[in-house]
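Below: one structure, written as structure tokens.
In this text, all values refer to a predicted model and were calculated from it rather than measured experimentally.
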Amino acid sequence: ITVLTAIALICSCFMFNASAASSATIALSSKSPKVNDSVTVTVTVKSDSPMYSTEFNVNYNQNILKFQSGDNANGGAGVVKVASGVSGATSQSYSLKFTAISAGSSAISVSGGAYTENSDDNISASTSVSVTDTSKSGNANLSSLRVGAGTLSPSFSPDVTEYTVNVKSTDTQCLVYAVA
């Protein structure tokens, strides 16, 4: 019993610091915005222990999205840097405003750190947004089609995609007139 008591007393004299785990999540105001729509990207950093600061980068496709503004954020051209003191909170959110400028898909990723009294934790998260352009109808049909020489077969129809043109053997050219 004396030996066990001595071991227990020795062990109680040592403090073991467990590393706090930190993480990041990304929320989007819309995963499928249209060109010219605003998109809010909210990054939330959480930690098991109080944080005193966060610092991370948000990467995105600058051909699809344009950075407008954000909490403790600056940058553009595909990277926005966010740096902030946190004052002991275990969760902190940051809102970043973007404008969808072109149709396509953009990955959005976060990488950086959350800093607590006992540890410096790496954080990361990713998601994607798919922008559509409603000014383009998606209808690629022709409204008319005619030829300068010969005969179009079959007769023009917006739903037909293949035609044959018969021309005289003396014709050296045949102009095609198509209207979208």
Side-chain angles (χ1 to χ4, degrees), residues 7-143 161 178 180:
I7 292 173
L9 285 173
I10 291 171
C11 288
S12 67
C13 292
F14 295 103
M15 296 265 211
F16 296 102
N17 286 333
S19 177
S22 298
S23 63
T25 58
I26 302 171
L28 302 173
S29 61
S30 174
K31 286 187 80 72
S32 303
K34 296 172 181 63
V35 171
N36 297 321
D37 282 356
S38 291
V39 179
T40 301
V41 175
T42 303
V43 177
T44 301
V45 179
K46 292 184 179 184
S47 180
D48 291 340
S49 62
M51 296 180 287
Y52 62 84
S53 73
T54 58
E55 185 174 320
F56 56 89
N57 289 334
V58 177
N59 296 288
Y60 61 95
N61 184 335
Q62 67 180 355
N63 297 317
I64 306 298
L65 299 172
K66 181 178 180 185
F67 176 65
Q68 300 295 332
S69 64
D71 300 336
N72 301 297
N74 61 53
V79 180
V80 174
K81 183 175 181 103
V82 178
S84 172
V86 180
S87 302
T90 57
S91 178
Q92 185 70 35
S93 293
Y94 305 89
S95 293
L96 308 173
K97 306 273 189 226
F98 291 85
T99 299
I101 58 172
S102 180
S105 182
S106 174
I108 299 171
S109 64
V110 169
S111 62
Y115 306 100
T116 67
E117 185 175 300
N118 299 322
S119 67
D120 297 343
D121 295 333
N122 290 325
I123 58 170
S124 65
S126 64
T127 190
S128 64
V129 63
S130 182
V131 178
T132 56
D133 189 347
T134 57
S135 68
K136 297 178 181 172
S137 71
N139 177 349
N141 293 347
L142 295 176
S143 63
T161 58

Go through the steps for T44 and S93 under the test side-chain hydrogen bond (donor to acceptor under 3.5 Å, both in side chains), then give the verdict.
CA-CA 4 Å; T44 301; S93 293; 2.9 Å; yes

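- Separation of atoms CG (N36) and OG1 (T99) is listed at 8.0 Å; rounding is to 0.5 Å.
- Here the closest non-hydrogen pair linking V131 and A100 is CG1-CB, 3.7 Å.
- Ring planes of F56 and Y94: perpendicular class, angle over 60° (limits at 30 and 60°).
- In terms of heavy atoms, A114 sits closest to V45 at CB-CG1, 3.9 Å.
- Closest heavy-atom contact between S30 and V129: O-CG2, 3.7 Å.
- Looking at I108 and L65, their side chains come closer than 4.5 Å, going by heavy atoms from C-beta outward.
- Within a 6.0 Å sphere centred on NZ of K34, heavy atoms belonging to other residues, nucleotides or ligands number 12 at most.
- Side-chain contact check for S95 versus T40: some heavy-atom pair is nearer than 4.5 Å.
- Residues L96 and V82 meet the side-chain proximity criterion, which asks for heavy atoms closer than 4.5 Å.
- Of all heavy-atom pairs between F67 and G75, the closest is CD2-O, 3.5 Å.
- Looking only at atom types and distance, the side chain of S111 has no donor-acceptor partner in the side chain of S124 under 3.5 Å away.
- To the nearest 0.5 angstrom, D71 atom CG is 8.5 Å from Q92 atom CD.
- At a cut-off of 3.5 Å, with distance as the only test, no side-chain donor of T25 or K46 sits close to an acceptor on the other residue.
- In this structure, NZ on K66 lies 12.0 Å from CZ on F98, to the nearest 0.5 angstrom.
- For CD of E117, the number of neighbouring non-hydrogen atoms (other residues, nucleotides, ligands) closer than 6.0 Å is 12 at most.
- Taking NZ of K81 as the reference point, atom CG of N72 lies at 12.5 Å (rounded to 0.5 Å).
- If you check the side chains of S22 and S47, you find a donor sitting under 3.5 Å from an acceptor.
- Taking OG of S128 as the reference point, atom CG of N61 lies at 11.5 Å (rounded to 0.5 Å).
- The closest donor-acceptor contact from the side chain of Y115 to the backbone of T54 lies at 3.5 Å or more, if one exists at all.
- Taking each heavy atom of A24 and V110 in turn, the nearest pair found is CB-CG1, 4.4 Å.
- Inspection of the S119 and D121 side chains reveals an N or O donor paired with an N or O acceptor under 3.5 Å.
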Let me see the working for V41 and L28 under side-chain contact (heavy atoms from CB on, under 4.5 Å), right down to the final yes or no.
CA-CA 5 Å; V41 175; L28 302 173; 3.7 Å; yes

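- A distance of 7.5 Å separates CD1 of I64 from CD1 of I101, quoted to the nearest 0.5 Å.
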